[in-house]
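Every number for a ligand or one of its atoms is a count from 1 in the order of the listing. We're numbering straight along the sequence, starting at 1. Below, all heavy atoms of this structure are taken into account, side chains as well, without hydrogens, waters or symmetry copies.
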Amino acid sequence: YWTVDIDVDIKNIYPQVVEAAHYLKEGEVVAFPTETVYGLGANALTDKAVAKIFDAKGRPADNPLIVHIANVDQLDLLTKEIPETTIKLMDEFWPGPLTLIFKRKPNAVSSLVTAGLDTVAVRMPDHPVALALIHTAGVPIAAPSANKSGKPSPTMATHVLADLEGLIAGIVDGGPTGVGLESTVLDCTPEVPVILRPGGLSKEEIERVIGQVDQDPALQHSESSPKSPGMKYRHYAPSAPLFLADGDKEWIQELIDQKRNSGTKVGVLAPKESASFYNADVVAVCGSRSNLKSVAHTLYQALRSFDEKNLDMIYAEVYPVQGVGAAIMNRLEKAAAHRRVTQGKTEK
Ligand code: TXA
Ligand code: MG
C-alpha cells in the first residue's frame, strides 16, 4: 500500500471547507477532493439532499451511493454487523481507496443512498480536505464521483465545473487528486469477500491481509448482471468511439495511418514510452508504462482531453491486468464498450 502524496495546505483552504460544510448542513450538494477522484457530497441522512445528487449528475435512481465517514465510530450509525475481515481491512487500509459493503442498518441513511438494497457502501477517504469537510459537517456524507453520469470521473476541480457548473452549490478545490481512479468496492457480506469494482487498491494488496477474495464474474462478461449496480452502465467514455489496440506501436501506427488516409480524425492514448512515436491528430499521454500508478493518475484527464478535439475515433494501448492495471483495464474496457483490435487478428 502506498500513501497518497497530496499537496494541499489545509489551513489555507479551511475557510472553504467551513463554507462547504455549512452548505452540506443546509441540505445542499458540494464537490470536494478525495485521494481517488472528486466526490459530489450531500448529507446521507436526508432524502432531499441526496435527491439533489441524482438530479445534478443525471444518475439512474437504481445506482446506490458510497457513504463517506471521517472516523470509524460513524460506522455504528450505518450498520450493526461489522465482520472480522472488515476490521482487519479497515485497520490496514482506512483511510484509503477501499469501499466496504456492509449489511445496512434499517432507517439509518436515506433509502435513496442505498437504492433499495439491504446493504450500504462505506469508505473513509485519505484526503485532509475530505476528512475535514466530513468532520465539520458532522454527518456521514453520501458522495458519488462528481461527474455527469457516463463521463470519466473528475480528477481536477475544472472537470467538475465542466460537467456540473450551475447545478451544485460549490466546489472545494484541493488541486489534482492522487490515485486518479475510484476506490475498490469490496463486498464483505459473503463468506469469501467479492470485489465488485476494481479500483485504487489492488486485489493482491487486499489478499495479503485477508487471504483469497473473489471477483464478481460479471466484471469479465459484459452480458451478466453485476452485483454493483453502477458497473452495468456505460462509463468513462470520451465522445469519440474508443478502441483498445492490443499490439505493438508500429502496428498501431499502421492502423492510424489507414484511417487517416481516408479522412478519419484519429486520437491515440499512450504512455510516455510510446507517445512521441505516434503520428496522429491528437496524442494524449497518460503516465509511464513502468509505473502503472502514474497511468491511473492521469487516465481520466487524458480521456477528457480528447473531447475538445472533434475526433472520429481513438485508439488506446492496453496494459497488464495486474495490481492497479486491473482497474485501469476495467475502465478502458468500459470506455471502449469492449471494442478491441488485436494484432494478428483481422479487424471486425
Ligand atoms: O473513489 C470513489 O469511490 C469515489 C470517491 C468520490 O469516493 N466515489 C465513487 O462513487 O466512485 P460512485 O457513485 O461513482 O461509484 C460507487 C459504486 C457504484 O458502482 C455503485 O453501484 C456501487 O459503488 N455501490 C454503492 N453502494 C453499493 C451497494 N450497497 N452494493 C453494491 N454496490 C454499491
Ligand atoms: Mg462514478
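Close approach of ligand 1 to N63 is summarised as follows: ligand atoms under 4.0 Å from at least one heavy atom of the residue are 18 (C), 20 (C), 21 (O). Set against the non-hydrogen atoms of H68, the atoms of ligand 1 under 4.0 Å away are 5 (C), 6 (C), 7 (O). Listed by number with element, the atoms of ligand 1 under 4.0 angstrom from any heavy atom of L117 are 28 (C), 29 (N), 30 (N).
Ligand 1 has no N or O atom lying under 3.5 Å from any N or O atom of E182, backbone or side chain. Between K227 and ligand 1, no N or O atom pair is found at a separation short of 3.5 Å.
The protein heavy-atom contact nearest to atom 16 (C) of ligand 1 is I66 CD1, 3.6 Å. Closest to atom 6 (C) of ligand 1, if we only count protein heavy atoms, is G39 CA, 3.5 Å. Closest to atom 19 (O) of ligand 1 among all protein heavy atoms lies S228 OG, 3.2 Å. Looking from atom 33 (C) of ligand 1 to the surrounding protein, the closest heavy atom is P64 CG, 3.7 Å. Among all protein heavy atoms, the one lying closest to atom 14 (O) of ligand 1 is S145 OG, 3.0 Å. Considering only non-hydrogen protein atoms, atom 29 (N) of ligand 1 sits nearest to T119 OG1, 3.0 Å. Given atom 13 (O) of ligand 1, the protein heavy atom at minimum distance is R59 NH2, 2.8 Å. Given atom 15 (O) of ligand 1, the protein heavy atom at minimum distance is R197 NH1, 3.1 Å.
Scanning for side chain to side chain contact (heavy atoms under 4.5 Å, CB included) contacts around A316 gives L242, L244, L269, L332, with sequence neighbours left out.
Taking 4.0 Å as the cut-off between side-chain N and carboxylate O, D118 and K103 do not count as a salt-bridged pair. A salt bridge is absent between E333 and R339: the closest approach of a Lys/Arg side-chain nitrogen to an acidic carboxylate oxygen does not fall below 4.0 angstrom. Of the charged side-chain nitrogens involved, at least one lies within less than 4.0 Å of a carboxylate oxygen, so that K203 and E207 count as a salt-bridged pair. Ionic pairing of D307 and K151 is present here: one or more N-O contacts between side-chain nitrogen and carboxylate oxygen are shorter than 4.0 angstrom.
Residue-environment remark: CD (E84) stays at or below the threshold of 12 foreign heavy atoms within 6.0 Å. Atom OH of Y23 has 12 or fewer neighbouring heavy atoms from other residues, nucleotides or ligands inside a 6.0 Å radius.
Expressed to the nearest 0.5 Å, how far CH2 of W94 lies from OG1 of T86 amounts to 8.0 Å. If you take OG1 on T119 and CZ on F102, they are separated by 11.0 Å, rounding to the nearest 0.5 Å. In this structure, the separation between CG on L65 and CG on L40 is 9.0 Å, given to the nearest 0.5 Å.
Only the side chain of L196 comes within contact range of ligand 1, with a heavy atom under 4.0 Å; no backbone atom does.
At least one heavy atom of I101 lies less than 4.0 angstrom from ligand 1. Not a single heavy atom of R104 sits under 4.0 Å from any atom of ligand 1.
The stretch residues 169-183 participates, sequence neighbours left out, in these salt bridge (charged side-chain N to carboxylate O under 4.0 Å, His left out) pairs: E182-R331. Within the structure, every pair that satisfies the salt bridge (charged side-chain N to carboxylate O under 4.0 Å, His left out) test and touches residues 263-285, not counting sequence neighbours, is listed here: R260-D281.
Aromatic ring centroids of Y236 and Y300 lie under 6.0 Å apart.
At a cut-off of 2.8 Å, measuring from the Mg ion (ligand 2), the protein N, O or S atoms that fall short of it are S145 OG, waters left aside.
Of the candidates R289, Q253, K249, E317, E317 is the only one forming a side chain to side chain donor-acceptor pair (under 3.5 Å) with S274.
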